[in-house]
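All values reported here derive from a predicted model rather than from experimental measurement.
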Amino acid sequence: MTSHRWSAESPDRFGVRSVWAAAQARARALDLDILTITAVGAVAALGAVLRLGAIDSPAQPGEGRNVAQVFAVDSLGKLLDANASPLAWLQAGGYTSLTDSFVRHSTALGAAREPMVITAAITAILMWVLSRRMGLSRLTGAIAVGIAAVSPMALGLQLGVRPENLAMPWALAGIALLWTPRKHRRLAPDLWATLFLVIAVITAPVTVLLIVTAAWLIWRRRRKRLSLMLASLFVLGTGIGMGVAAGLAGLLIAAEGPRAYDWLAIDPLLATAGLLATLLALFSYVLRPLAVGTLALIAVALIPGGPGTAALALAVAPVALLITGSVERATRPPRMPAAILGVVLAATALPAWMGGLRMATSSRADPKPVADASRWLQENLPATPVVTDGITWVELLRDGRAPQAAKLSLDCPATCSAQSWLVVTPGLRLVLPHRPALAEAAASAEVVAVFGAGRDRVEIHRPSTAGLPDTEERQARAEMGTKVADSPRIAAPTTVDQTLRTGRTDPRLLTTLSALAQTRPVRVTALPEVAGEDAANQPRRQALLTAAEEPADELAQFFTNQNGVLRPESVTTTSEGVLIRYPAGTPAGLLIPFG
């Protein structure tokens, strides 16, 4: 009986080694996938952290309306405008409602931006998935995610409360499902891709420009029946879900916001490299479909008066993929000039981006002026309708103001603007250049209260009234105040005496004090300031009075018996005397100038 000996040339031996080598290769590939996915997740998390750090940065033009839409879905259970990207606000409002964002955040803008941070993280992960579907390397996809995470322009665009940021994950998911090298495959991925693209376009109509990429991918498979079927389903889905009116309204909303050139100035390196990479990618079979759609977005973004910010928000992720993809294609096989160019670009970008990110995360909008203005309104004009921007409108409602006592500037026609009280905030000042009637009303109105300073300054404007010019009104108050201060029957400390003589006392108070002094001696203990009104050069409309040898109730009754414009808003008896307070807004022409 002969024994069988194993050798390196034995077929069985060779088979065992082959299986073992294949298993080892699969294990190494799995380890590399796990490592890469972990790295991509870490970079996506970094991008989310950076955006959370900038979540309270000043509002961007066009965000006010969108924040109001999200709040209306979240807290009021309705859409303010059913034709203005309703699916976007249902998505964002559903998230904020489920997570109590408006309860957890100190500002309405921060609460509405939180869904944008989540969609930015999802977009980052889908970017890597799309890069792998395109045939790019793991490292290339990870670097593209990193570019989108730390670019200042990408941060600003993805942080804004805009429908395009909510539509981007749907669009990337649809394109990734369509991107396949196989001509024939199961129908399910194509149907899911069509559904995702329909949702993306309904969410933000500008996303229709990326349909060029989807159409190119389908056409490249040379299957006419499939192309016609998917195109029909897409048109039918968008037609039923959106309609022409909603599409046009969505495009008009997308046109609101900073010009594309403003964003390009924030990050010229990404803009230059992105445009160059997009043009070069047109010559690559692998990158061409994505380059065509991205080029359409860039072209629309540069149209004056067009949806610049909206198109750029959609272009950020594809541009990052095209930059890294173009470098990879240029270095395959390795070419030193292309590799050196990539290193130079990275070395140039990182220092500039670090400065931009530091500025974005350190910039904060002060919420105190809006809170003080809201408190002033609740104390002085609790039921009077006021007009303001969308973000402040939300803050007023969050502070307890009734919805009927607050109006959005977008819902206020020219007559409303001229006849309404205005709360002029940083957000409303961004809107004024696009609302001539509102700008004219704000310029002609009287400023009755001011809170904060600089870019966070908040002003409350009273509608303009016919009367004497401000200088003559102040002169009339000064002359009447001097007569009151000189009256032997009126006593006052030095600070009050100066306030009377310099015309900084409300004419209703001067008139009533003059009449009161005819009947009894009175002491004006103080003329307390109403918060925010001294900064607006408004006269003091509060007075703390005492009467010699007379009960405070009788002094209070004298004021409560006044009628018409001379009747105080409140008369309060305190241990220090009687506090008189007149309504906000000094009546014009009440005093006849003394000469």
Side-chain angles (χ1 to χ4, degrees), residues 376-386 405 419-421 445-446 448-449 460-470 472-492 496 499-500 503-530 533 536 538-574 576-594:
W376 188 95
L377 290 170
Q378 287 297 88
E379 292 175 356
N380 297 280
L381 304 171
T384 302
V386 296
Q419 299 171 3
S420 301
W421 288 71
E446 178 189 8
V448 298
I460 297 177
H461 291 207
R462 184 179 69 158
S464 59
T465 55
L468 299 173
D470 290 342
E472 295 187 27
E473 287 280 355
R474 189 180 182 99
Q475 181 63 28
R477 294 196 302 265
E479 295 185 14
M480 183 65 176
T482 300
K483 289 185 176 293
V484 171
D486 290 340
S487 173
R489 299 173 68 86
I490 296 179
V496 172
T499 303
L500 290 170
R504 292 166 49 220
T505 310
D506 192 290
R508 295 164 293 187
L509 181 58
L510 292 173
T511 303
T512 313
L513 278 176
S514 180
L516 178 64
Q518 303 298 322
T519 62
R520 72 204 77 182
V522 63
R523 177 176 177 80
V524 184
T525 305
L527 295 171
E529 173 196 0
V530 177
E533 296 190 8
Q538 286 292 300
R540 301 285 178 90
R541 56 185 175 92
Q542 290 189 129
L544 183 62
L545 309 177
T546 57
E549 301 178 358
E550 184 176 3
D553 292 343
E554 293 186 11
L555 185 61
Q557 187 177 5
F558 174 85
F559 284 91
T560 55
N561 287 338
Q562 302 298 313
N563 296 315
V565 71
L566 297 179
R567 185 177 180 85
E569 178 183 69
S570 64
V571 179
T572 308
T573 302
T574 68
E576 299 177 350
V578 179
L579 181 64
I580 313 299
R581 181 187 179 102
Y582 284 91
T586 305
L590 184 62
L591 299 177
I592 299 176
F594 294 88

For [X] and [Y], work out which heavy atoms get closest and say how close.
X	Y	value
Thr499	Arg540	CG2-CG, 4.0 Å
Ala492	Arg523	N-NH1, 4.2 Å
Ala536	Val448	CB-C, 3.6 Å
Thr546	Gly577	CG2-CA, 3.8 Å
Ala526	Val496	CA-CG2, 3.7 Å
Arg541	Glu533	NH2-OE2, 2.6 Å

To the nearest 0.5 angstrom, please state how far the [atom1] atom of [X] sits from the [atom2] atom of [Y].
X	Y	atom1	atom2	value
Tyr582	Asn380	OH	CG	15.0 Å
Glu569	Gln542	CD	CD	9.0 Å
Gln475	Glu473	CD	CD	11.5 Å
Thr586	Arg474	OG1	CZ	11.5 Å
Leu566	Phe559	CG	CZ	10.0 Å
Leu555	Leu516	CG	CG	6.0 Å

- Message: For Ala517, is there any backbone N or O sitting under 3.5 Å from a side-chain donor or acceptor partner on Arg489?
- Response: yes
- Item | side chain to side chain contact (heavy atoms under 4.5 Å, CB included), paired with Leu545, selected from Ile490, Leu579, Thr525, Leu513 |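 The option that passes is Leu513.
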- Message: Under the criterion side-chain contact (heavy atoms from CB on, under 4.5 Å), I'd like the reasoning laid out for Lys483 against Ser514: C-alpha separation, chi angles, the key distance, then a yes or no.
- Response: CA-CA 9 Å; Lys483 289 185 176 293; Ser514 180; over 6 Å; no
- Step through the shown structure and confirm whether more than 12 heavy atoms of other residues, nucleotides or ligands are within 6.0 Å of CD on Glu576. no
- Item | Step-by-step side-chain contact (heavy atoms from CB on, under 4.5 Å) determination, Thr505 to Val484 | CA-CA 11 Å; Thr505 310; Val484 171; over 6 Å; no
- Message: Using side-chain contact (heavy atoms from CB on, under 4.5 Å), reason through Phe558 and Val571 one step at a time and then give a plain yes or no.
- Response: CA-CA 10 Å; Phe558 174 85; Val571 179; over 6 Å; no
- Message: Less than 3.5 Å apart, any donor N or O on the side chain of Arg567 or Gln562 sitting next to an acceptor on the other?
- Response: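 No, no side-chain donor-acceptor contact under 3.5 Å.
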- Please determine which of Thr512, Thr511, Asp506 meets the side chain to side chain donor-acceptor pair (under 3.5 Å) test together with Arg508.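 Among the candidates, only Asp506 passes.
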- Hey, does Ser570 have a side-chain heavy atom less than 4.5 Å from the side chain of Arg581? yes
- Task: Would you sort out whether Leu527 and Leu509 count as a side-chain contact (heavy atoms from CB on, under 4.5 Å), showing the intermediate values?
- Result: CA-CA 10 Å; Leu527 295 171; Leu509 181 58; 3.7 Å; yes
